[in-house]
Amino acid sequence: MKLSVRQLREKAMEIRISVIKSLAAAGSGHLGGSLGLADVFTSLYFKELNHKPENPKWENRDRLVLSIGHVAPIFYTTLAHCGYFPIEELATLRKLGSRLQGHPATDHHTPGLETSAGSLGQGLSIALGMALAARHNGARHRIFSIHGDGELQEGSIWEAAMAAGNYQLDNMVAIVDRNGVQIDGPTEQVMGVEPLADKWRAFNWKVHECDGNDIIDILRCFEVVKEKTNQPQVIIAHTKMGAGVAEIENDYTWHGKPPRPENVDNFIAQVKQSYHENS
Amino acid sequence: MKIRDYIPTRVGFGKGLKEAADQMPEIIGLGADITGSVNMNFFAEAHPDRFYSLGIAEQNITGVAVGLALEGKIPVMATYGVFSAMRNTDQVRISVCYNNLHVIIGGAHAGISVGPDGATHQALEDIAIMRSLPNMTVLSPCDATQANQAIKAALTEQTGPVYLRFGREAVPDFIPDDIKFEIGKAQLLKTGEDLTIVATGHLVWEALEAAKELESGGVSARVINLHTIKPIDKETLIKASAETGAIVTAEEHQIMGGMGSAVAEVLSEYAPCPMKFIGVNDTFGESGQPDELMKKYKLKSKDIVTAAHEVLINKAKK
């Protein structure tokens, strides 16, 4: 599935609408980060990743480790729109018996998941283990991982960063969702993570930055990381929490709550308006 | 049963791992800076292409093991039990156990017999933590021979996570070759009718010594080696309770939440009987020679004998 830029923008809009609907149906969950990452997820799954939705465990697939399990809604929605499971199933998010657990869970056999996630700071180590296995096997696929900027406050992230730099794992691409906010407020007030790019460089990573809500810029970055290096690479994607719904953009209070049923039509209208303004 | 030699259980683990890895190319070893100390050096020297040194970073090592296991490898990580069961408990819970992956976690230097290093290095809570995690298997072999069998069984017969506990000090190596090791199946090492001693780790030898002393005083003690703490062998325990009517448990671990607690969970529901628990009683350890500590914290055969007499009084009162 390799869509054009125009098609990707349209797909990202559709995915945002699905996220809003499924979170409203769930009645709880994380809207802000899910909307902010819609352009990154769409670009990955509809352009960049080698994968086969009809064969989720295809051996040569690129791996995607979601380290921030709380943005499960954007993950599930993207997978559903790719065809991993029916879009209608998104309405079961967070409900008893659903494969779509509040945070991703492999024990529920959800197609497209590499690992369970929910406790922050674990995914980079898992990606690192997968990268070592790929190198050991002489496999050519890449291992992507998705992180939050607040998540980088977990010490285990830097244990993994140190090891990946040490082993020069050039088959790893970590993506940091740099939206600048976390539950208690702006990251730089809660616990500053800057100078962020320098931190990664100091751990022997190659650092790239992009506008994580600009599909052209995201794709540009994806091309750059294909250039041969002897280092793991990180993309710091500057996003807006809640991107696409103007009313809530960059408002950290929307980190962990869903739209209320009465918000849904209004939020969807804003997503459509944002799409038309930017295309 | 006779003592063949005195060997640390960690040696059994290390040699068993190396021998299994000679046959199984999917085994990957992960080092945490104390590779020699936990005897993973046998593996690392034989298979350097399959050994990754990851430094002093137990949380990362656990996640790396998860990534490897997701790709079909069988990762073995080992460090001191105070780190491999506790520094990384969240990673073990969410990434290893929730994913139900075949990751082997070695908990070395378990128990108070670590000695002079003191309380920081004496894992006394690892059984309680590891056995409470869904999907986890918990093994605690009684000697080096059994540690060798246990790591091989963990590698070849399991598909989910395994915590394997072993110690630092040389302890009696005695388990007869003709006694089969089977995960989940307790071993009846001595028959007896008046009470049962259920022991794990190197306290199994202390239990056998205690049984001998009890026998000389006319008390017939059954001895069970509970090398698998989870999944627990309910059948053998229920039978022992029903047939002997009194139980003493013995382990080098906190009484709270340990092997004895696991036994009590089974018996209180299916076959209650008077029980006594030999273990560390809600306190930290301290520096000292291993044998001094075993005596001070009442983990020796004579302490098992005392507990046996007490539990027999309670049995008589019933």
Side-chain angles (χ1 to χ4, degrees), chain A residues 56-57 59-61 63-67 69 101 103-110 113-139 141 143-145 147 154-167 169 171-172 203, chain B residues 21 24-33 47-77 79 83 87-105 133-136 159-161:
Chain A
K57 291 288 170 193
E59 197 182 347
N60 297 323
R61 71 191 183 282
R63 274 60 164 171
L64 185 129
V65 176
L66 180 66
S67 191
Q101 293 288 295
H103 293 78
T106 53
D107 70 337
H108 283 64
H109 308 289
T110 323
L113 268 54
E114 299 290 352
T115 180
S116 301
S119 179
L120 296 175
Q122 302 193 16
L124 194 62
S125 300
I126 296 172
L128 169 55
M130 290 176 144
L132 282 174
R135 178 187 280 185
H136 193 88
N137 293 341
H141 63 262
I143 296 91
F144 290 78
S145 56
H147 306 273
E154 291 280 6
S156 53
I157 287 284
W158 301 102
E159 291 185 4
M162 184 181 291
N166 176 78
Y167 280 103
L169 286 164
N171 52 357
M172 285 178 79
F203 282 80
Chain B
M24 297 171 70
E26 63 270 41
I27 294 173
I28 304 279
L30 302 175
D33 195 42
H47 303 287
D49 56 321
R50 287 194 267 146
F51 176 77
Y52 294 101
S53 169
L54 288 163
I56 308 161
E58 295 80 10
Q59 298 178 68
N60 181 50
I61 289 167
T62 310
V64 169
V66 166
L68 289 161
L70 286 166
E71 296 295 333
K73 305 295 181 191
I74 306 177
V76 179
M77 55 171 280
T79 177
F83 309 131
R87 184 58 168 266
N88 56 348
T89 307
D90 187 25
Q91 279 80 5
V92 176
R93 175 174 179 264
I94 295 296
S95 290
V96 177
C97 289
Y98 197 24
N99 279 324
N100 198 11
L101 295 170
H102 193 195
V103 171
I104 315 293
I105 300 170
L133 298 173
N135 297 328
M136 182 63 93
T159 56

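All chains are named by letter (A, B, ...) in the order of the sequence lines, taking the proteins before the strands, and each is independently numbered beginning at 1.
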Which portion of A:A139 sits near chain B, non-hydrogen atoms under 4.5 angstrom: neither

Test salt bridge (Lys or Arg N to Asp or Glu O under 4.0 Å) applied to A:E159 - qualifying residues, sequence neighbours left out: none

Chain B contact via A:A160 - which portion, at a heavy-atom distance below 4.5 Å: both

Structural part of B:N99 lying under 4.5 Å from a heavy atom of chain A: both

Gap between atom CD of B:E71 and atom CD of A:E59 - 0.5 Å precision: 9.0 Å

Interface moiety of B:L68 toward chain A, non-hydrogen atoms closer than 4.5 Å: both

Closest-packed option against chain B by number of heavy-atom pairs under 4.5 Å, given A:R63, A:H103, A:M162: A:R63

Separation between CG of B:L30 and CG of A:L132, rounded to the nearest 0.5 Å: 8.5 Å

Enclosure of B:R87 CZ (heavy-atom neighbours >12, cutoff 6.0 Å): no

Closest non-hydrogen atom pair, B:Y98 against A:P104: CE2-O, 4.3 Å

Sequence-distant partners of A:R61, salt bridge (Lys or Arg N to Asp or Glu O under 4.0 Å), two or more places apart: A:E114

Greatest number of heavy atom pairs closer than 4.5 Å to chain A - which of B:S95, B:P75, B:A65, B:G72: B:S95

Heavy-atom proximity to chain A below 4.5 Å, by part of B:I28: side chain

Greatest number of heavy atom pairs closer than 4.5 Å to chain B - which of A:N137, A:N166, A:L124: A:N137

For chain A, the option from B:N60, B:V64, B:N88, B:L54 that forms the most heavy-atom pairs under 4.5 Å: B:N60

B:T62, part contacting chain A, at a heavy-atom distance under 4.5 Å: neither

Between CG on residue B:D90 and OG on residue A:S119, distance to nearest 0.5 Å: 3.0 Å

Min side-chain heavy-atom separation A:S156-B:Q91 under 4.5 Å: yes

Distance, nearest 0.5 Å, that separates CG of B:L101 from OG1 of A:T115: 7.0 Å

Minimum heavy-atom distance between A:H136 and B:D49, given as atom pair plus value: CE1-O, 3.2 Å

